[in-house]
Amino acid sequence: RRGEMAKMTQLVNNEVFRAYATYAAIVLLKMMLMSLITAYFRITRKAFVNPEDTESFGKGESAKKYLRTDPDVERARRSHLNDLENIVPFVGIGLLYALSGPELSTALLHFRIFTGARILHTFAYLLPLPQPGRGLSWAVGYSVTFSMAYNVLKAVWLL
Amino acid sequence: RRGEMAKMTQLVNNEVFRAYATYAAIVLLKMMLMSLITAYFRITRKAFVNPEDTESFGKGESAKKYLRTDPDVERARRSHLNDLENIVPFVGIGLLYALSGPELSTALLHFRIFTGARILHTFAYLLPLPQPGRGLSWAVGYSVTFSMAYNVLKAVWLL
Amino acid sequence: RRGEMAKMTQLVNNEVFRAYATYAAIVLLKMMLMSLITAYFRITRKAFVNPEDTESFGKGESAKKYLRTDPDVERARRSHLNDLENIVPFVGIGLLYALSGPELSTALLHFRIFTGARILHTFAYLLPLPQPGRGLSWAVGYSVTFSMAYNVLKAVWLL
């Protein structure tokens, strides 16, 4: 049993893997934050989609008027979906990349730029910033994931 | 070659990792089930979104009337998206958590509560149960993932 | 330090894991491609959802008319969401499956069929092909993931 745990700990002692774990946890938490932001807009804008969510506002017609879409809610939802589309590949490809034995400094550069780009992307989407703010922050994160995928395929290619 | 396989098996022999693999597989299967539930509602309610999906109902206007939204279909789709938003962070953060060397009993507690909460959430969404049923089951799963992320960051923090 | 890296490399030297990394990277890149396809349709069809994205077309009413939905854009978005719903479980369950020690030939069969099915699914969705083309390619990928989940649970079951 102790031998097993020692083996496990080796992965966590590896600095590249620790860096990956840190940044993967941060961007996943950032993605989870979008649920709270959407909920905040739903409650403050009183814009719901499920009838059972409006029952505290009364029965019948008085509650039904809160079953509507709101621009801020929809914006937060699009930002959340964009996170899913981009953070999921980062977490999956990043794990393979971290295990493929990159230099720590190169790996940190990838992880930091991606994390910074996605945080910027969220601000650009929610404020919103004028384009190409959102477009550029999206493209930077996308390119980082693409670069990691290229390094993974170079290291492990087995078709 | 045998040496490699032995190394691989050590990960699977680790009890925390086996527990993670069990519950991660279960919640991912639960999420996959949502596709079947959506398909079931699309077929029984005859509510489709792609024109090519309605061709078996005939050509032209007679088929076009099945290109519509249906409350049950939309509810299943929202439940599926909510799974993506919550089960993806659990699977990603849970892997890092399992590798960070937690106590088996603490890890099992996290995995079991999350899995139970997400199964409850699906029932609360589809039946639907009155609020705060769905809200609470969502919050419990969310808190478990947050607790695992906190433990990961405490163990591996490397910025 | 060198000892750690050697341990890490063992995972990458394992042939099943290398095969997993190859195909997981390919399907995640394929999923990322959907962002570019959606952007291509948004730009060529001039169909946007965020007001700040249409500002280069002028101010006021002249730009507002590009805030609209377009069938090709919506089709690409549905295909992207379907990828998220199916490729995410493949990547998560596939990792656990690769670590559960399957035969290389069996593992390659799973990974190759899934990857082929999802590439077919994208063509079936975007062209579109008549049904049951899209339905069958979806079902094949779904079944492969289900088969891997069954093997994972058989190997690691710990409730």
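Order of the sequence lines fixes the chain letters, A, B, ..., with proteins taken first and strands second; residue numbering starts at 1 for each chain.
Only the side chain of B:L95 comes within less than 4.5 Å of a heavy atom of chain A; its backbone N, CA, C and O stay farther away. Contact of A:M32 with chain B is made through backbone and side chain together, with heavy-atom distances under 4.5 Å. For B:L84, the parts lying under 4.5 angstrom from a heavy atom of chain A are both the backbone and the side chain. Of the atoms belonging to B:Y97, not a single heavy atom falls under 4.5 Å from chain A.
Interface check for chain A: of the options B:P128, B:G135, B:P130, B:G92, the most heavy-atom pairs under 4.5 Å are formed by B:P128. Looking only at heavy-atom pairs under 4.5 Å with chain B, the residue among A:V91, A:L36, A:V27 that has the most is A:L36.
A donor-acceptor pair shorter than 3.5 Å can be found between the side chains of B:Y125 and A:N50. Counted by atom type alone, B:S147 and B:H110 present one or more donor-acceptor pairs between their side chains at under 3.5 Å.
Ring geometry, B:Y20 versus B:F90: the interplanar angle falls from 30° to 60°, so the pair is classed tilted.
Ion pairing of A:D70 with A:R75 is absent here, as no side-chain N (NZ or NE/NH1/NH2) approaches a carboxylate O to less than 4.0 Å.
A salt bridge (Lys or Arg N to Asp or Glu O under 4.0 Å) with A:D83 is found for one member of A:R78, A:R118, A:R77 and no other, namely A:R118.
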